[in-house]
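Have a look at the structure below before the remarks.
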Amino acid sequence: MTTRRMIRMKPKRAGEPLFQLRIAGLAFRDGHLLVHRATHESFWTLPGGRAEIGESSDLTLKREMMEELGVEVGIGRMLWTVENFFHYEGVDVHELGFYYLMDVPEHFPFHRSDIVHRNIDGKSELEFKWVLATSDSLRALDIPPYFLAETIESLPETPRHIIWHDGDLDRP
């Protein structure tokens with residue numbers, strides 16, 4: 001049996017640049033978007049994770065959601081391919097991201113403001129909540145990549161390629 005490896009170029013020394021392939025999903029319910037964060041971070045992100053070598057992006061998203069949410073999700077159409085450049089935890093990151101529409105089963109909890117799920121994966125604790133899927137709500141939430149706030153109310157009909165610079169995510 002072959003062990004899968006993450007597609008994540010680890011820096012040889014602290015502070016060296018990092019390249020990673022991240023797959024994320026946009027799940028909607030009652031006008032709300034599912035988001036998550038590591039509890040030690042101030043910002044929120046879309047649920048997802050890093051691809052493993054030999055794993056297609058749709059299977060990555062399914063695996064990550066099973067690991068993080070404990071549910072099997074449906075994968076919809078791709079919305080964006082994003083080249084994002086940012087600084088995080090003292091490292092300059094070049095991230096290639098694939099963003100899909102995603103269906104979360106109806107039995108997955110929903111609340112308009114409270115945390116609906118927590119997951120501890122050994123390294124950090126993740127918390128999930130539903131937020132109003134509006135530009136104003138996402139701007140107030142602090143959710144990179146920051147183009148999401150500008151596009152959440154008019155998702156593309158066909159996949160779009162975006163080159164984006166989120167800047168310094170370590171800021172206070």
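Side-chain contact between Ile152 and Phe28 is present, with at least one heavy-atom pair separated by less than 4.5 Å. Here the side chains of Trp130 and Leu33 are not in contact, with every heavy-atom distance at 4.5 Å or above. Two residues are said to be in side-chain contact when any heavy atoms from C-beta on lie closer than 4.5 Å; Phe86 and Pro144 fail this criterion. Two residues are said to be in side-chain contact when any heavy atoms from C-beta on lie closer than 4.5 Å; Leu126 and Thr39 fail this criterion. Residues Met65 and Leu61 have side chains in contact (heavy-atom distance under 4.5 Å, counting atoms from C-beta outward). Val73 places none of its side-chain heavy atoms less than 4.5 Å from the side chain of Phe108.
Every salt bridge (charged side-chain N to carboxylate O under 4.0 Å, His left out) that Asp136 has, sequence neighbours left out, goes to Arg139. Qualifying side chain to side chain donor-acceptor pair (under 3.5 Å) partners for His117, counting only residues two or more places apart in sequence or in other chains: none. Looking at residues two or more places apart in sequence or on another chain, you find no ring-ring contact (aromatic ring centres under 6.0 Å, His included) involving His161. For His40, the side-chain contact (heavy atoms from CB on, under 4.5 Å) partners are Ala38, Tyr88, Glu89, Ser124, not counting sequence neighbours. Applying the side chain to side chain donor-acceptor pair (under 3.5 Å) rule to Ser135 yields the partners Glu153; only residues at least two apart in sequence or on another chain are considered. With sequence neighbours excluded, the residues forming a salt bridge (charged side-chain N to carboxylate O under 4.0 Å, His left out) with Arg118 are Glu125, Glu127, listed by chain and number. With sequence neighbours excluded, the residues that form a side chain to side chain donor-acceptor pair (under 3.5 Å) with Asn84 are Asp166. In terms of the side-chain contact (heavy atoms from CB on, under 4.5 Å) criterion, residue partners of Pro156 (sequence neighbours excluded) are, by chain and number, Leu79, Trp80, Arg160. Asp142 pairs by the salt bridge (charged side-chain N to carboxylate O under 4.0 Å, His left out) definition with Arg171, not counting sequence neighbours.
Summarising the geometry of Phe147 relative to Trp164, their closest heavy-atom pair is N-CZ2, 3.3 Å, with the distance given to 0.1 Å. Closest approach of Val35 and Pro47 over heavy atoms only: CA-CD, 4.2 Å. Of all heavy-atom pairs spanning Leu46 and Gly25, the tightest one is CB-O, 3.9 Å.
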Under 3.5 Å, sequence neighbours excluded: what are the donor-acceptor pairs made by side chains of residues 91-104?
unit_1	atom_1	unit_2	atom_2	d
Asp92	OD1	His87	ND1	2.9
Glu95	OE2	Gln20	NE2	2.6
Tyr100	OH	Ser57	OG	2.5

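Here CD of Glu83 is found 8.5 Å from NE2 of His165. Values are rounded to the nearest 0.5 Å. Of the inter-residue distances, the one linking Lys129 atom NZ with Arg37 atom CZ reads 7.0 Å to the nearest 0.5 angstrom. Rounding to the nearest 0.5 angstrom, the gap separating the CG atom in Leu155 from the CG atom in Leu26 is 6.5 Å.
Grouping the Ile, Leu, Val, Met, Phe, Trp and Tyr side chains by contacts below 4.5 angstrom, directly or via other members, places Ile115 with Val131. There is no path of hydrophobic side-chain contacts, each under 4.5 Å, that joins Leu132 to Trp44.
Without hydrogens or angle criteria, Asp170 side chain to Gly90 main chain gives a donor-acceptor distance under 3.5 Å. Looking only at distances, a side-chain donor or acceptor of Thr60 sits under 3.5 Å from a matching main-chain atom of Ser56. Without hydrogens or angle criteria, Lys62 side chain to Gly74 main chain gives no donor-acceptor distance under 3.5 Å.
Cluster note: Ile163 groups with Phe85 through ILVMFWY side-chain heavy atoms spaced under 4.5 Å, whether in direct contact or through intervening members.
Ring orientation note: the planes of Phe128 and His36 are close to parallel, at an angle under 30° on the 30°/60° scale.
Evaluation of the side chain to side chain donor-acceptor pair (under 3.5 Å) test over residues 65-77, restricted to residues two or more places apart or in two chains, returns Arg63-Glu67.
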**OP:** List the steps and the verdict of side chain to side chain contact (heavy atoms under 4.5 Å, CB included) for Phe43 and Leu169.
**Re:** CA-CA 8 Å; Phe43 59 88; Leu169 299 182; 4.1 Å; yes
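Checked against the 6.0 Å centroid criterion, the rings of His32 and Phe110 qualify as a close aromatic pair.
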